[in-house]
Amino acid sequence: MAIERTLSIIKPDAVGGNHIGAIYSRFEEAGLKIVGAKMLHLDDEKAGGFYAEHKERPFYNDLVSFMTSGPVVVSVLEGENAIAKHREIMGATNPAEAAEGTIRKDFASSIDENAVHGSDSAESAKREIAYFFNEDEVLDRTR
Ligand code: GDP
Ligand code: MG
């Protein structure tokens, strides 16, 4: 299996709930390495641009307003099969449907406030990492 990189966002509800460390532990326990990290307070333009693919959806305005409601932690995760592995440990978009032991099952309260984001494909991972990180902000942790 290939070593991949994927983008994680710990959303404002989970940062506000003081769950950054608990969520980072889930990543590390799953064998994912944090190779880039920053805390940001997104504005409408940055959050709206990130979710541009959802611009026509009825929940877009609520999503942007939630994502700008407080600080987020954006991270680059690296590991074998990282994109799918990350999505698996996150759980379903709607926490009511998320499997036991997943991040969204344990830390999310609703589909609107669902604790974490993860890239859903190799193409989106590449685009989303570049949206938040310069090349020199993603570190080599192979040694
Ligand atoms: P994800 O990849 O699992 O995060 O899900 P999507 O890419 O489909 O949606 C992006 C984000 O929009 C989700 O994480 C939710 O925060 C929000 N969202 C998605 N679907 C709905 C919905 O039906 N209603 C509301 N209120 N928010 C939604
Ligand atoms: Mg998505």
Side-chain angles (χ1 to χ4, degrees), residues 1-139 141:
M1 250 182 278
I3 300 292
E4 294 175 335
R5 287 177 175 169
T6 190
L7 185 84
S8 149
I9 305 178
I10 303 178
K11 295 184 178 183
D13 57 329
V15 172
N18 226 14
H19 302 308
I20 299 169
I23 291 171
Y24 265 13
S25 292
R26 303 287 179 99
F27 298 157
E28 295 187 333
E29 283 158 11
L32 297 170
K33 273 186 191 170
I34 296 147
V35 297
K38 53 179 79 169
M39 185 179 270
L40 300 170
H41 194 140
L42 304 178
D43 61 15
D44 285 354
E45 189 186 341
K46 192 78 176 171
F50 181 74
Y51 280 117
E53 64 179 315
H54 295 307
K55 205 168 174 47
E56 305 308 323
R57 309 282 286 277
F59 57 81
Y60 178 76
N61 287 339
D62 287 345
L63 176 58
V64 172
S65 109
F66 165 58
M67 290 300 290
T68 58
S69 67
V72 298
V73 175
V74 291
S75 310
V76 181
L77 308 180
E78 184 179 87
E80 271 191 16
N81 206 19
I83 298 164
K85 186 181 280 178
H86 181 217
R87 293 288 302 194
E88 188 183 322
I89 65 173
M90 283 167 55
T93 304
N94 184 350
E97 291 161 12
E100 291 297 328
T102 60
I103 293 168
R104 281 169 166 166
K105 179 74 178 185
D106 293 340
F107 299 109
S109 57
S110 70
I111 193 167
D112 314 76
E113 305 206 351
N114 62 1
V116 282
H117 166 85
S119 310
D120 63 6
S121 67
E123 295 68 37
S124 58
K126 191 169 185 215
R127 173 174 47 81
E128 291 175 359
I129 290 168
Y131 192 80
F132 285 110
F133 291 87
N134 295 323
E135 264 176 49
D136 65 356
E137 294 175 319
V138 183
L139 289 306
R141 290 193 51 201

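Atoms within each ligand, like the ligands themselves, are counted from 1 in listed order.
For Lys33 and Glu78, the salt-bridge test fails: no basic side-chain N is under 4.0 Å from an acidic carboxylate O.
Protein heavy atom nearest atom 15 (C) of ligand 1, with residue, atom name and distance: Ile111 O, 3.2 Å. Considering only non-hydrogen protein atoms, atom 7 (O) of ligand 1 sits nearest to His54 NE2, 3.0 Å. Remark: minimum distance from atom 25 (C) of ligand 1 to any protein heavy atom is reached at Phe59 CB, 3.5 Å. Remark: minimum distance from atom 26 (N) of ligand 1 to any protein heavy atom is reached at Asp112 OD2, 2.6 Å. In terms of protein heavy atoms, atom 14 (O) of ligand 1 is closest to Asn114 ND2, 2.8 Å. Protein heavy atom closest to atom 5 (O) of ligand 1, with residue, atom name and distance, is Thr93 OG1, 3.3 Å.
Shown here is Lys126, whose NZ atom has no more than 12 heavy atoms of other residues, nucleotides or ligands within 6.0 Å. Counting non-hydrogen atoms of other residues, nucleotides and ligands closer than 6.0 Å to CG of Asp136 gives a total above 12. Within a 6.0 Å radius of NZ in Lys55, no more than 12 heavy atoms belonging to other residues, nucleotides or ligands are found.
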(request) List the steps and the verdict of side-chain contact (heavy atoms from CB on, under 4.5 Å) for Phe107 and Ile23. (result) CA-CA 9 Å; Phe107 299 109; Ile23 291 171; 4.0 Å; yes
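In this structure, Tyr131 and Phe50 have tilted ring planes: the angle between them lies in the 30° to 60° band. Classification of the His117-Tyr51 ring pair by plane angle, with boundaries at 30° and 60°, yields perpendicular.
Those atoms of ligand 1 with a heavy atom of Arg104 less than 4.0 angstrom away are 1 (P), 3 (O), 4 (O), 14 (O).
Contacts of Lys11 with ligand 1, taken as heavy-atom pairs under 4.0 Å, involve the side chain alone. Residue-level proximity to ligand 1 for Arg87 is carried by the side chain, the only part with a heavy atom below 4.0 angstrom.
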